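Note sheet for the following structure.
These numbers come from a predicted model, not from an experiment. Labels below follow one simple rule: chain letters A, B, ... track the order of the sequence lines, proteins then strands, and each chain is numbered from 1. Below, each value reflects all heavy atoms present in this structure, side chains not excepted, and no hydrogens, waters or symmetry copies.
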Number of protein chains: 2
Amino acid sequence: MATLTLPDQLNAAQRWCVTRGEKLTDIRRDVLSLLLSHGHSMKAYDILSELQQSRPTAAPPTVYRALDFLLQVGLIHRLDSLNAFVACPEFALPHHHGVLLVCENCHGVTEIADAPWMSHLTDAVAALGFTPGHQELEIKGLCSACQKTNPGAPA
Amino acid sequence: MATLTLPDQLNAAQRWCVTRGEKLTDIRRDVLSLLLSHGHSMKAYDILSELQQSRPTAAPPTVYRALDFLLQVGLIHRLDSLNAFVACPEFALPHHHGVLLVCENCHGVTEIADAPWMSHLTDAVAALGFTPGHQELEIKGLCSACQKTNPGAPA
DNA sequence: CTTAAATTTGTTACATTATAACAAATGGAA
DNA sequence: TTCCATTTGTTATAATGTAACAAATTTAAG
């Protein structure tokens, strides 16, 4: 996995949007850039605070609109369990069935793309007549780093 | 699956709490009763409104405290994707690894207890050094009923 | 080029979801 | 009874997210 620089990541995102007939405007790029450069997940109002460093007039809708767009085109994920957002490092993978491992302690996120057992899950669910939507599963727990410093936290 | 009456469900919950050294107080029982009798998921402030029919002085902390308690003892689940709560019909099952199928259209919830592929998932995740917490997976999508009335809604 | 339409952004206000903080009441145990 | 722990009442406020409409910008058409 070649680690791209931030400008390269942004350029790739730009191309991804154009391919889909969408525009990565300045605001949207700025929000994505914040998420990419942080690496970990961010809350909407934290993004807003940082965005206001360069855009003093930014307001909640400014951020939420950009986040909604980035979610639509698949450049970021929303973490329902944290009310937070994280950049998706693998946005260009086709039929991307991801699992997000969310650490309850440090709020770090590890993404697993195309896990082999994922198809078992979607098959079993489909057999019940249920059609999964965006297939991003969120599993809460403790990452390996936090288990060491935090012995015995969840169940 | 024997379908218990509401009083029987509440009594079973009562015993479950006592077993764990906890008390199912009046308020907690009332909140659980609302969730059980509704069957589908409810938002905290909807629970509050209904609770205020019988307890006019109930305030947000009244409901959130009861919900926190019921979550702790495993009598209910929180649906992160809806900011809602639902009664757990299988709270007494040991080592309960559940999957919640959440319909994005009708907000109905189907719970799968002890699915066979669940162990594959936890094993694979554990192999990465991640320790899952409460193992309640939430899968958003469309239930079979809503697929018929809602052709082509999510992806 | 100019006009019209569509999209994006600015701005204000508000809706929804959840918690902090502290006082009062309740229930057991010493 | 007296003390302590737990639960509940109460007020206020924090955190998260959206509605509604105006202004600006971009795109496409004539």
Side-chain angles (χ1 to χ4, degrees), chain A residues 13-14 17-18 20-35 41-73 75-86 102 104 107 138 140, chain B residues 13-14 17-18 20-35 41-73 75-86 102 104 107 138 140:
Chain A
Q14 170 93 276
C17 289
V18 170
R20 308 200 12 153
E22 303 282 355
K23 283 167 291 187
L24 189 66
T25 62
D26 285 354
I27 293 176
R28 293 164 178 174
R29 185 187 353 254
D30 287 353
V31 170
L32 178 60
S33 177
L34 284 171
L35 283 168
S41 67
M42 296 180 77
K43 301 225 161 208
Y45 277 71
D46 292 336
I47 294 171
L48 176 57
S49 296
E50 300 225 9
L51 193 64
Q52 283 172 335
Q53 309 288 321
S54 58
R55 294 176 179 276
T57 68
T62 312
V63 166
Y64 280 104
R65 284 168 181 155
L67 290 171
D68 286 346
F69 172 85
L70 296 169
L71 284 169
Q72 289 278 333
V73 298
L75 288 168
I76 67 175
H77 300 300
R78 184 194 151 80
L79 303 174
D80 289 332
S81 58
L82 297 177
N83 289 338
F85 302 84
V86 67
V102 181
E104 292 176 316
H107 292 183
E138 225 169 290
K140 290 179 269 191
Chain B
Q14 171 93 276
C17 289
V18 171
R20 307 201 13 152
E22 303 281 357
K23 284 167 290 189
L24 190 65
T25 63
D26 285 354
I27 293 176
R28 292 164 179 174
R29 186 190 350 257
D30 287 354
V31 169
L32 178 60
S33 177
L34 283 170
L35 282 168
S41 68
M42 296 179 76
K43 302 226 161 207
Y45 277 72
D46 293 336
I47 294 171
L48 177 57
S49 296
E50 301 224 8
L51 193 64
Q52 283 172 336
Q53 309 288 321
S54 56
R55 295 177 178 274
T57 68
T62 313
V63 166
Y64 280 104
R65 284 167 181 155
L67 291 171
D68 286 346
F69 171 85
L70 296 169
L71 285 168
Q72 289 279 332
V73 298
L75 288 169
I76 66 173
H77 300 300
R78 183 192 151 80
L79 304 175
D80 289 333
S81 58
L82 296 177
N83 290 338
F85 302 85
V86 68
V102 181
E104 292 176 315
H107 291 184
E138 222 168 293
K140 290 179 270 190

Could you tell me how far apart A:Leu67 (CG) and D:dT16 (C1') are, to the nearest whole angstrom? 12 Å
Taking the minimum atom-to-atom distance to the side chain of A:Ala59, which one of D:dT16, C:dT12, C:dT17 wins? C:dT12
side-chain N/O A:Lys23 vs D:dT26 OP1/OP2, d < 4.0 Å: no
Quick one: is D:dG17 close enough that its OP1 or OP2 comes under 4.0 Å of any side-chain N or O from A:Arg78? yes
Quickly work out the A:Arg65 CZ to D:dT25 P distance and round it to whole Å. 15 Å
Taking atom types as they are modelled, is there a donor-acceptor pair under 3.5 Å from the base of C:dA20 to the side chain of B:Tyr64? no
Backbone N/O of B:Leu82 and side chain of B:Lys140: donor-acceptor pair under 3.5 Å: no
State which residue, out of B:Leu79, B:Val102, B:Leu35, B:Asn83, fulfils the side-chain contact (heavy atoms from CB on, under 4.5 Å) condition with B:Ser41. B:Leu79
If you assign each of A:Pro61 and B:Glu22 to its closest nucleotide in DNA chain D, which residue comes earlier from the 5' end? B:Glu22
Has A:Asn83 got a side-chain N or O lying under 4.0 Å from the OP1 or OP2 atom of C:dT17? no
When we call it a touch if two heavy atoms are under 4.0 Å apart, what does A:Arg28 touch: a base, just sugar-phosphate, or nothing? sugar-phosphate
B:Leu71 CG to C:dT19 C1': how many Å, rounded? 15 Å
Lys/Arg-Asp/Glu bridge criterion (N-O < 4.0 Å) met for B:Asp26, B:Arg29: yes
Please determine, for the side chain of B:Phe85, which listed nucleotide (D:dT10, C:dA18, D:dG17) has the closest atom? C:dA18
Is there a side chain to side chain contact (heavy atoms under 4.5 Å, CB included) between A:Phe69 and A:Leu24? Walk through the geometry before answering. CA-CA 9 Å; A:Phe69 172 85; A:Leu24 189 66; 4.3 Å; yes
Could you tell me whether the phosphate oxygens of D:dT16, OP1 or OP2, come under 4.0 Å of any side-chain nitrogen or oxygen in A:Lys43? yes
